Asks: 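Below are the structure tokens for one structure; questions will follow.
Keep in mind that this is a model prediction, so the values were computed, not measured.
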Amino acid sequence: MEERYDPKKIEPKWQKYWAEKGLYKTKTAESLKKFYCLEMFPYPSGKIHMGHVRNYAIGDVIARYKRMQGYNVLHPMGWDSFGLPAENAAIKHGVHPSKWTYENIEYMKGQLNKLGLSYDWDREVATCSPEYYRWNQWFFIRMLEKGLAYRKSSYVNWCPSCATVLANEQVIDTKCWRCDSVVVQKELDQWFLKITHYAEELLSACDDLKGWPEKVVLMQKNWIGKSTGVEIDFRIDGTDEKVRVYTTRPDTLFGATFVCMSPPHPLAQKLVADREALEEITAQYGKVEEKLGLFSGHYCINPVNNERIPLYIANFVLMEYGTGAIMSVPAHDQRDFEFALKYNLPVRRVIAQEAVAEAQGAQLSEAYEDDGVMVNSGDFTGLKSPEGRVKVVAFIEEKGLGKKVVNFRLRDWGISRQRYWGTPIPVIYCESCGIVAVPDKDLPVILPEDVKFTGRGGSPLKESEAFLQAACPKCGGRARRETDTMDTFVDSSWYFIAYCLKQGKGEWGFEISERNNKITNPLNYWMPVDQYIGGVEHAVLHLLYSRFFTRVVRDLGIISCSEPFTNLLTQGMVIKDGAKMSKSKGNVVDPDYLIDRYGSDTSRLFSLFAAPPERDLEWSDKGVEGAYRFLSRIWNVVYRNLNSLQGTSYPTAGKADIKGISEAGRSLLRKTHKTVRKVTNDIEREYHFNTAIAALMELVNEMTGLEPADDLDNSVLRFAIETTLCLISPFTPHIAEELWTAMGNEPGISGQRWPVWDEELSKEDEVELVIQMNGKLKGKLMIPAGAADEDAKKLALNDPKIAEAIGGREIKKVIVVKGRLVNIVLGG
RNA sequence: GCCGGAGUGGCGGAAUUGGUAGACGCAAGGGACUUAAAAUCCCUCGUGGGCAACUGCGUACCGGUUCGAGUCCGGUCUCCGGCACCA
């Protein structure tokens with residue numbers, strides 16, 4: 001054994017040993033209780049960053065801990081390897097996206113291995129490989145068959161810089177999530193996945209996500225955004241047309257003083273004579289800065305009071321939500337209020353604030369949006385809002401003017417991207433047959449290699465004649481291939497399912513014909529993921545899509561669970577100098593440098609120690625040195641005692657041996673059992689590794705101070721050290737393995753059983769009793785553990801200092817907290 | 001604007017059920033070893049007063065409940081995150 005701790009000498013050695021022994025390969029024994037531990041797979045951008053180190057360190061501790069507890073653990077890793085940066089690199093440097101991507105994967109895989117992460121690499125998938133994306137295409141065709149994938153023309157978010165469509169979720173504050181360009185609205189033919197088919201289920205199942213952070217569940221709920229309201233038809237005076245509006249406030253119907261319609265609304269085209277003005281307002285559609293309206297030249301009839309009110313085309317009314325038209329009640333909706341003010345439209349109050357004497361006719365300075373009592377509302381006057389809503393809806397339905405409906409904020413998922421480096425959408429356009437799906441036997445539709453990346457115009461796939469030309473699978477006639485590729489979020493929506501199927505180099509995949517097959521179906525053994533770990537930035541996007549996809553896969557009969565992730569841990573960001581690490585801020589810490597300088601054990605230990613996993617972690621170079629010092633102290637205590645520890649062993653069966661043990665030895669033995677309890681509980685309690693590590697530091701501090709007096713002390717010390725090594729091995733596996741073998745044990749500490757504590761041996765003989773007077777600390781006293789409350793009280797009252805402090809005052813009450821505290825309540 | 005979350009030493013953070021506030025680590029100061037430095041080890045370390053024993057104050061702020069509040073309740077301020085014409 002070397003005198004000094006030198007991670008460079010031991011870490012590569014053990015990484016090689018683990019790989020050769022195949023220690024982290026998943027067993028197929030399905031009689032064992034399983035644990036599926038998953039970290040979000042990275043985009044292979046070139047190098048891992050500290051966020052990855054933290055994410056994967058957390059996952060690795062959990063995987064190793066669960067293995068030591070006897071679980072059959074699936075702990076896979078792969079690559080989210082389609083996406084824009086590869087294509088941008090191709091444009092900029094002339095490297096093919098494939099080459100760039102696979103080289104990055106190669107390098108990053110090496111980095112992950114240098115961290116000592118216990119992955120089963122036989123399960124590795126790369127989403128850009130045809131063996132993976134063929135199943136994207138397969139799922140797409142299944143969804144097409146079921147009507148869950150469809151094509152429609154619509155206004156989409158368009159990033160002019162990336163020259164592609166963005167999903168709503170990828171638009172952050174009106175800007176592109178990737179490049180920060182301002183997103184514009186553009187009308188395009190797009191493929192959509194019908195996530196709204198599952199809107200109700202995705203929402204109601206949120207309440208079952210008990211193992212998710214409440215914050216994330218709430219964000220999902222808000223994103224889905226269910227609202228109940230009513231659709232009402234407004235006849236357009238002098239025509240046969242009617243406009244259908246959606247409102248959640250039927251109780252304000254009598255206050256509707258105009259109707260607004262979205263510019264792309266089909267009726268707008270029909271009704272507005274001034275094409276130029278209509279085009280102008282259409283160009284302003286979706287602009288948040290200003291509300292703009294165009295009088296259509298027509299009037300609507302309010303069905304409850306037959307009032308004739310103007311119909312406007314308004315740029316703030318969304319076509320994609322509700323019916324694309326609204327009734328405007330300026331008195332009770334702030335947006336309508338602003339619009340009315342601008343275009344000088346009447347404001348009529350129909351809801352009065354309850355329990356407040358209304359100043360009749362008083363000018364409103366803003367809309368009153370709360371519930372209240374209906375006024376100026378015909379037969380409904382006097383009803384409270386909630387009751388009024390029910391009654392108005394009943395009236396509307398009875399007269400056949402409309403119906404009660406549920407709306408969701410959630411839209412269908414537009415997946416078309418005008419890009420090369422993604423999954424080709426497996427569809428062919430035939431001149432005579434129309435849209436035809438590529439038959440399963442022709443999958444995968446492979447990306448052509450021979451394309452040029454100019455960065456100009458649309459997708460490079462449009463330039464590849466060999467790709468574009470295709471025979472129609474139905475009639476054999478001339479046809480053209482779809483050139484759009486899929487949003488990369490499709491790839492990551494089911495990769496956790498792929499891991500369950502893939503084993504080594506062989507074939508893997510899905511077949512509906514094999515559904516409900518054998519109990520040994522690996523999907524139903526491994527799914528759902530027991531613990532998922534990743535950044536909170538995916539709280540809506542990726543997690544919602546994955547929940548959707550899992551349900552699609554379920555409804556195909558391939559899998560039986562509905563929710564993919566039982567427990568979710570959203571880890572905080574790694575920050576430095578108060579800001580997220582980024583190249584532009586120049587505050588990045590390079591994991592390669594860190595591993596080279598301090599070793600991966602130290603890197604892992606610090607990321608786990610400096611903060612609990614769900615919180616942001618403030619990076620500290622000095623803190624890293626502290627972690628390194630701690631590992632050195634463990635090394636030193638083994639090195640110093642190596643000779644005297646040889647041949648000793650702690651008689652685990654014979655508890656009675658504590659008789660005759662030295663005071664220091666007994667104390668260390670007690671501390672060891674307490675530490676096992678603390679570390680185990682801290683891991684179980686929301687993975688609070690920081691306090692678990694603090695407890696291990698305390699234990700090491702105590703054993704460093706022990707001078708063994710006899711063989712019994714030596715055997716306790718050996719027990720304490722071996723226990724420490726087992727407890728710390730999930731955090732810092734290399735040093736644990738090295739010291740474990742240095743003490744004469746067979747290699748394979750990660751195969752040891754997780755230590756268990758002995759409650760008896762962890763008990764103190766004496767405990768400290770706190771004495772308070774009127775709730776203020778007045779003294780402390782050592783009393784025998786387990787002393788009765790009466791005795792504790794007596795001891796406290798008889799303490800000379802306390803007796804003196806009480807003086808002659810009256811004791812009103814004495815409160816005793818067993819084994820901890822006595823509070824003497826004094827009068828006067 | 002709406003919906004969440006958080007405010008504890010010089011710093012990162014502990015305090016698990018209402019019961020000793022500040023575990024553990026970092027930084028700082030002092031000491032030992034050394035020709036010297038690094039490394040290592042030991043001591044001090046919330047703050048005010050006092051030579052000291054001791055004592056006052058202290059978990060963003062104001063108030064409440066309680067024998068007892070960082071923890072529970074009401075209000076205020078600040079910071080962070082999400083959503084934002086969703087009718």
Asks: Are A:Lys291 and A:Phe316 in a cation-pi setup, meaning NZ or CZ lies under 6.0 angstrom from the ring centre and within 45 degrees of the ring axis?
Replies: yes
Asks: Across all strands, who's sitting opposite B:U66 as a Watson-Crick or G-U wobble pair, both distances under 3.5 Å?
Replies: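 By the stated definition (distances under 3.5 Å), nothing pairs with B:U66.
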Asks: By the 4.0 Å heavy-atom rule, please label A:Phe609 as base, sugar-phosphate, or nothing.
Replies: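 Base, at least one base heavy atom under 4.0 Å.
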Asks: Go through B:A87, B:A21, B:C26 for me and flag the one nearest to the A:Thr248 side chain.
Replies: B:A87
Asks: Does A:Ser227 place a side-chain N or O at less than 4.0 Å from the phosphate oxygens OP1/OP2 of B:A87?
Replies: yes
Asks: More 5' along RNA chain B: A:Asp616 or A:Phe316, using each one's nearest nucleotide?
Replies: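 Final value for this comparison: A:Asp616.
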Asks: Determine the Euclidean distance between corresponding P atoms of B:C83 and B:G10; express it in Å to zero decimal places.
Replies: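 Pairwise P distance, B:G10 against B:C83, rounds to 36 Å.
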Asks: For B:A15, does either OP1 or OP2 sit under 4.0 Å from a side-chain N or O belonging to A:Arg820?
Replies: no
Asks: What's the gap between B:U59 and B:G70 when it is taken at their C1' atoms, as a whole Å value?
Replies: 5 Å
Asks: So, A:Phe606 versus A:Tyr598, ring centres under 6.0 angstrom or not?
Replies: no
Asks: If you measure from the C1' atom in B:U8 to the same atom in B:A21, how many Å do you get, rounded?
Replies: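 That atom pair is separated by 8 Å.
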Asks: Pick base, sugar-phosphate or nothing for A:Val317, based on heavy-atom distances below 4.0 Å to the nucleic acid.
Replies: base
Asks: Tell me the interatomic distance from A:Lys780, atom NZ, to B:G19, atom P, rounded to whole angstroms.
Replies: 16 Å
Asks: Of the listed nucleotides (B:U20, B:G12, B:A14), which one gets closest to any side-chain atom of A:Glu618?
Replies: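 Minimum distance to the A:Glu618 side chain belongs to B:G12.
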Asks: Take A:Phe731 and A:Phe689 through the ring-ring contact (aromatic ring centres under 6.0 Å, His included) test and state the conclusion after the steps.
Replies: CA-CA 9 Å; A:Phe731 303 91; A:Phe689 305 127; 5.8 Å; yes
Asks: For A:Lys221, which contact category applies under a 4.0 Å heavy-atom criterion: base, sugar-phosphate, or nothing?
Replies: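 Contact class for A:Lys221: none.
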Asks: How far does the P atom of B:G56 sit from the matching atom of B:A6, given to the nearest Å?
Replies: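 So the two P atoms sit 33 Å from each other.
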Asks: Would you indicate what A:Lys226 reaches in the nucleic acid, counting non-hydrogen atoms under 4.0 angstrom: base, sugar-phosphate, or nothing?
Replies: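 Touches nothing.
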Asks: With a non-hydrogen cut-off below 4.0 angstrom, is A:Asp333 in contact with a base, only sugar-phosphate, or nothing?
Replies: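 Nothing, no heavy atom under 4.0 Å.
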Asks: Partner of B:A27 by Watson-Crick or G-U wobble geometry, both contacts under 3.5 Å, or none?
Replies: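 In the structure as shown, B:A27 has no Watson-Crick or wobble partner.
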Asks: Whole-Å distance between B:G5 P and A:Asn222 CG?
Replies: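 In whole Å, B:G5 P and A:Asn222 CG are 12 Å from each other.
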Asks: Is the distance between the ring centroids of A:Phe408 and A:Tyr321 less than 6.0 Å?
Replies: no
Asks: Would you indicate what A:Val825 reaches in the nucleic acid, counting non-hydrogen atoms under 4.0 angstrom: base, sugar-phosphate, or nothing?
Replies: sugar-phosphate
Asks: Can the positive tip of A:Arg409 be found less than 6.0 Å from the middle of the six-membered ring of A:Trp223, inside 45° of the ring normal?
Replies: yes
Asks: Can you tell me the distance, in whole Å, between the CD1 atom of A:Ile693 and the P atom of B:A14?
Replies: 12 Å
Asks: Counting just side-chain N and O atoms, does A:Arg629 come under 4.0 Å of either OP1 or OP2 of B:A27?
Replies: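 True: A:Arg629 side-chain N/O within range (under 4.0 Å) of B:A27 OP1/OP2.
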Asks: Is the A:Tyr545-A:Trp413 ring centre distance short of 6.0 angstrom?
Replies: yes
Asks: In whole angstroms, how far is the P atom of B:A27 from the CD atom of A:Glu625?
Replies: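 My rounded result for the distance is 7 Å.
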Asks: Any side-chain N or O of A:Asn701 below 4.0 angstrom from OP1/OP2 of B:C24?
Replies: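 No.
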Asks: Look at the side chain of A:Tyr246 and decide which nucleotide, out of B:G12, B:U20, B:A87, has an atom nearest to it.
Replies: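 When the side chain of A:Tyr246 is considered, B:A87 is the closest of B:G12, B:U20, B:A87.
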Asks: Under 4.0 Å, heavy atoms only, any strand: does A:Gln772 hit a base, just the sugar-phosphate, or nothing?
Replies: base
Asks: Sort out the partner of B:U20 for me: Watson-Crick or G-U wobble, both distances under 3.5 Å, none otherwise.
Replies: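 B:U20 is unpaired by these criteria.
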Asks: Provide the distance between the two P atoms, one in B:U55 and one in B:C61, to the nearest whole Å.
Replies: 25 Å
Asks: Please evaluate the base of B:U20 for a donor-acceptor partner in the side chain of A:Glu768 within a cut-off of under 3.5 Å?
Replies: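 Between B:U20 and A:Glu768, which were checked side chain against base, a qualifying N/O pair under 3.5 Å is present.
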Asks: By the 4.0 Å heavy-atom rule, please label A:Gly322 as base, sugar-phosphate, or nothing.
Replies: nothing
Asks: Without decimals, in angstroms, what is the distance between A:Lys793 NZ and B:C67 P?
Replies: 16 Å
Asks: Using the P atom on both, measure B:U47 against B:A39 and round to a whole Å.
Replies: 26 Å
Asks: Are A:Asp412 and A:Lys194 close enough for a salt bridge, meaning some N to O gap below 4.0 Å?
Replies: no
Asks: Specify the residue among A:Leu821 and A:Ser620 whose closest nucleotide of RNA chain B lies further upstream toward the 5′ end.
Replies: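 The residue mapped nearer the 5' terminus is A:Leu821.
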Asks: Nearest to the A:Arg615 side chain among B:U20, B:A87, B:A14, which nucleotide is it?
Replies: B:A14
Asks: With a 3.5 Å limit on both atom pairs, tell me what B:C85 is paired to, counting Watson-Crick and G-U wobble, or say none.
Replies: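 In the structure as shown, B:C85 has no Watson-Crick or wobble partner.
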Asks: Give a yes or no on whether a donor-acceptor pair under 3.5 Å exists between the nucleobase atoms of B:C67, that is its base, and the side chain of A:Lys812.
Replies: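 No pair found.
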Asks: Under a 3.5 Å cut-off for both distances, is B:C33 Watson-Crick or wobble paired, and to whom?
Replies: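 Paired with B:C33, as far as the under-3.5 Å criterion goes, is no nucleotide at all.
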Asks: Please give the nucleotide sitting opposite B:A15 as a Watson-Crick or G-U wobble pair, both distances under 3.5 Å, or none.
Replies: none
Asks: With both distances under 3.5 Å as the test, what is the Watson-Crick or G-U wobble partner of B:U47?
Replies: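 Across any shown strand, B:U47 pairs with B:G56.
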Asks: When rounded to the nearest Å, what value does the distance between P atoms of B:C54 and B:G68 take?
Replies: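 One P to the other, the span is 26 Å.
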Asks: Output yes when at least one side-chain N/O atom of A:Arg677 is less than 4.0 Å from OP1 or OP2 of B:U16, else no.
Replies: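 Answer no for this pair, as no side-chain N or O of A:Arg677 is under 4.0 Å from OP1 or OP2.
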Asks: Take atom NZ of A:Lys776 and atom C1' of B:G58, then tell me their distance rounded to the nearest Å.
Replies: 11 Å
Asks: Applying a 4.0 Å non-hydrogen cut-off, can you work out what A:Leu218 is touching in the nucleic acid: base, sugar-phosphate, or nothing?
Replies: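 Sugar-phosphate contact only - A:Leu218 comes under 4.0 Å of backbone atoms but never of a base.
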Asks: Would one find a side-chain N or O of A:Arg409 under 4.0 angstrom from OP1 or OP2 of B:A84?
Replies: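 Yes.
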Asks: Just N and O in the side chain of A:Arg685: are any of them under 4.0 Å from OP1 or OP2 of B:A15?
Replies: yes
Asks: Who does B:C77 pair with, Watson-Crick or G-U, both distances under 3.5 Å?
Replies: B:G7
Asks: Evaluate A:Lys671 against A:Glu702 for salt bridge (Lys or Arg N to Asp or Glu O under 4.0 Å), listing each step before the verdict.
Replies: CA-CA 8 Å; A:Lys671 185 80 179 175; A:Glu702 176 151 348; 5.1 Å; no
Asks: Please classify the nucleic acid contact of A:Glu338 as base, sugar-phosphate, or nothing, using heavy-atom distances under 4.0 Å.
Replies: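 The answer is nothing, as A:Glu338 stays clear of every strand by at least 4.0 Å.
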Asks: If the P atom of B:A84 is compared with that of B:G12, how far apart are they to the nearest Å?
Replies: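 Approximately 32 Å lies between the P atom of B:A84 and that of B:G12.
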Asks: Rounded to the nearest Å, what distance is computed from the CG atom of residue A:Asn636 to the P atom of nucleotide B:C41?
Replies: 7 Å
Asks: Quick one: classify the glycosidic conformation of B:G9 as syn or anti, with syn meaning within 90° of 0.
Replies: syn
Asks: Determine: side-chain N/O of A:Lys813 to OP1/OP2 of B:C67, distance under 4.0 Å, yes or no.
Replies: yes
Asks: Could you give the OH-to-C1' distance, from A:Tyr628 to B:A38, as a whole number of Å?
Replies: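 Rounded to the whole Å, the gap is 14 Å.
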Asks: Please check if the distance between the ring centroids of A:Phe258 and A:Tyr343 is under 6.0 Å.
Replies: no
Asks: Is there a side-chain hydrogen bond (donor to acceptor under 3.5 Å, both in side chains) between A:Ser227 and A:Tyr246? Walk through the geometry before answering.
Replies: CA-CA 11 Å; A:Ser227 86; A:Tyr246 171 73; 2.7 Å; yes
